[in-house]
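Notes to accompany the following structure.
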Amino acid sequence: MSNLKITALAILLQITVAGCVSEQTVVDGSEGGQSEVGTDQQARTRMSLGLTYLQRGENDQAIFNLEKAKDLAPDMPEIWNALAYYYQQVDEVDLAEEAYRTALRKDDNNADTYNNFGAFLCQHGKYKESEELLCAAVKRPGYIRVADSYENLAYCALDQKDFAKYKQYLLSAVKHSSSRQTAVYNLASLEYAMGNMAEAKKWQTRLQNLGQVSAAASLLRYLIAYRTGDAAEQQIAEKFLVS
């Protein structure tokens, strides 16, 4: 399920950069005077460090800083999201699920948590709850990654060989992001596999117009041209495949 869109790291880093105003402060004395540093901001700094170390593969430093962040601000949902992301990377499935559930208890209106937790559960075969969470994500006001969640729903449906839902969710993803190349490619592939050549050609042409040039897209283009008897299109696709 590597195609599932898990956005925790990028979102959390954006939150960290944005910062926040904290009600609690600690005083750090120095020769140059005193400066007040918000506890929440300290926690976000630790979280950012933890995620940076995780990207570098320094997992011991990653968990050290994430645990420090949790100690500083145990009620901050994004820290529990970061912990869940960490546990996913080190394949601690039970701890990741527990962290996601804690994040939802801390803030039950965070669309990214619903999306990421839903994708996580789908990866581990918990399809019913996964679909519920991903559907909850798309219903959250102001959520800007609706297409990601619909694609996650599509991949989860495909995992269950529910091709009708797979198509339905891919179409929803495209409606919310008309230039979404992965969804358009998958729609073209699905229609080709189902023998619907007119629909396959429609989606393949749309993919071509989006500027998608890859070995997989070129092969699909060739196969559709072959099935529809379009010799000229076959030759063009062959040139792309050779190049």
Side-chain angles (χ1 to χ4, degrees), residues 1-8 84-85 87-89 91-98 100-101 104 111-140 143 145-210 212-228 237 241:
M1 296 296 290
S2 58
N3 288 323
L4 286 164
K5 314 292 185 196
I6 297 180
T7 60
Y85 183 81
Y87 288 130
Q88 279 185 260
Q89 304 314 300
D91 204 27
E92 292 283 1
V93 176
D94 292 341
L95 291 174
E97 182 171 343
E98 182 182 341
Y100 273 129
R101 293 195 187 282
L104 278 181
D112 288 311
T113 304
Y114 283 103
N115 175 76
N116 297 352
F117 191 18
F120 167 81
L121 289 176
C122 183
Q123 288 173 329
H124 294 90
K126 297 183 178 181
Y127 299 119
K128 185 176 184 297
E129 188 177 5
S130 168
E131 186 173 17
E132 290 172 356
L133 289 166
L134 290 166
C135 287
V138 303
K139 293 175 183 176
R140 289 299 179 274
Y143 182 44
R145 294 175 179 80
V146 171
D148 279 351
S149 293
Y150 274 123
E151 263 199 274
N152 284 342
L153 282 160
Y155 295 133
C156 208
L158 182 61
D159 237 23
Q160 301 170 80
K161 296 182 172 51
D162 189 335
F163 300 111
K165 273 191 175 181
Y166 178 57
K167 180 178 179 179
Q168 171 195 332
Y169 287 134
L170 285 176
L171 288 170
S172 293
V174 172
K175 285 177 184 177
H176 285 274
S177 180
S178 59
S179 61
R180 198 169 193 84
Q181 293 183 358
T182 52
V184 173
Y185 171 81
N186 286 326
L187 281 164
S189 299
L190 175 64
E191 297 294 0
Y192 173 81
M194 300 297 288
N196 302 325
M197 290 303 112
E199 284 296 300
K201 176 63 176 175
K202 180 189 78 174
W203 289 111
Q204 186 274 318
T205 301
R206 183 164 174 175
L207 183 67
Q208 185 180 326
N209 291 338
L210 289 172
Q212 170 69 297
V213 179
S214 67
S218 297
L219 177 59
L220 180 62
R221 183 177 182 180
Y222 176 85
L223 291 171
I224 293 171
Y226 176 78
R227 288 286 299 275
T228 56
L241 283 169

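Since the model is a prediction, treat every value here as computed from it, not as a measurement.
- In this structure the side chain of Leu207 never reaches within 4.5 angstrom of the side chain of Thr205, judged on heavy atoms.
- For Leu241 against Leu219, the heavy-atom pair with the smallest separation is CD2-N, 3.7 Å.
- Counting heavy atoms from C-beta outward, Met194 and Glu199 have side chains that stay 4.5 Å or more apart.
- Side-chain N or O atoms of Ser177 include none that pairs as donor or acceptor with a backbone N or O of Ala173 at under 3.5 Å.
- For the atom pair CD (Glu129) and CG (Leu134), the distance works out to 10.5 Å, reported to the nearest 0.5 Å.
- The pair Glu98-Arg101 fails the salt-bridge criterion, with no side-chain N (NZ, NE, NH1 or NH2) lying under 4.0 Å from an Asp/Glu carboxylate O.
- Side-chain contact between Tyr226 and Leu223: absent, with no pair of heavy atoms (C-beta onward) separated by less than 4.5 Å.
- Panel note: side chain Ser218, backbone Ser214; a donor-acceptor pair is recorded below 3.5 Å.
- Evaluation of the ring-ring contact (aromatic ring centres under 6.0 Å, His included) rule for Tyr114 yields no partner, not counting sequence neighbours.
- The aromatic rings of Phe120 and His124 lie tilted to each other, with the angle between the two planes from 30° to 60°.
- A donor-acceptor contact under 3.5 angstrom links the side chains of Glu151 and Tyr155, judged on distance only.
- Of all the heavy atoms in Asn115 and Ser149, the pair that sits closest is OD1-OG, 2.8 Å.
- Glu191 and Ala200 get closest at one heavy-atom pair: CB-N, 3.6 Å.
- Under a 3.5 Å cut-off, the side chain of Gln204 and the backbone N or O of Leu220 do not form any donor-acceptor pair.
- With rounding to the nearest 0.5 Å, the separation of OG in Ser189 from CD1 in Ile224 is 7.5 Å.
- The side-chain heavy atoms of Leu158 and Asn186, taken from C-beta on, include no pair separated by under 4.5 Å.
- In this structure, the side chain of Arg206 engages the main chain of Ser178 through a donor-acceptor pair within 3.5 Å.
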Side chain to side chain contact (heavy atoms under 4.5 Å, CB included) between Tyr169 and Cys156: does it pass, once the steps are laid out? CA-CA 10 Å; Tyr169 287 134; Cys156 208; over 6 Å; no
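- Side-chain contact check for Gln212 versus Val184: every heavy-atom pair is 4.5 Å or farther apart.
- Rounding to the nearest 0.5 angstrom, the gap separating the CG atom in Asn116 from the CG atom in Leu121 is 11.0 Å.
- A distance of 3.5 Å separates CG in Asp159 from OH in Tyr127, rounded to the nearest 0.5 Å.
- With contacts defined as side-chain heavy-atom distances shorter than 4.5 Å, the pair Phe117/Glu97 qualifies.
- The CG atom of Asn196 lies 6.5 Å from the NZ atom of Lys167; values are rounded to the nearest 0.5 Å.
- Screening residues 179-207 for ring-ring contact (aromatic ring centres under 6.0 Å, His included), with sequence neighbours left out, gives no hits.
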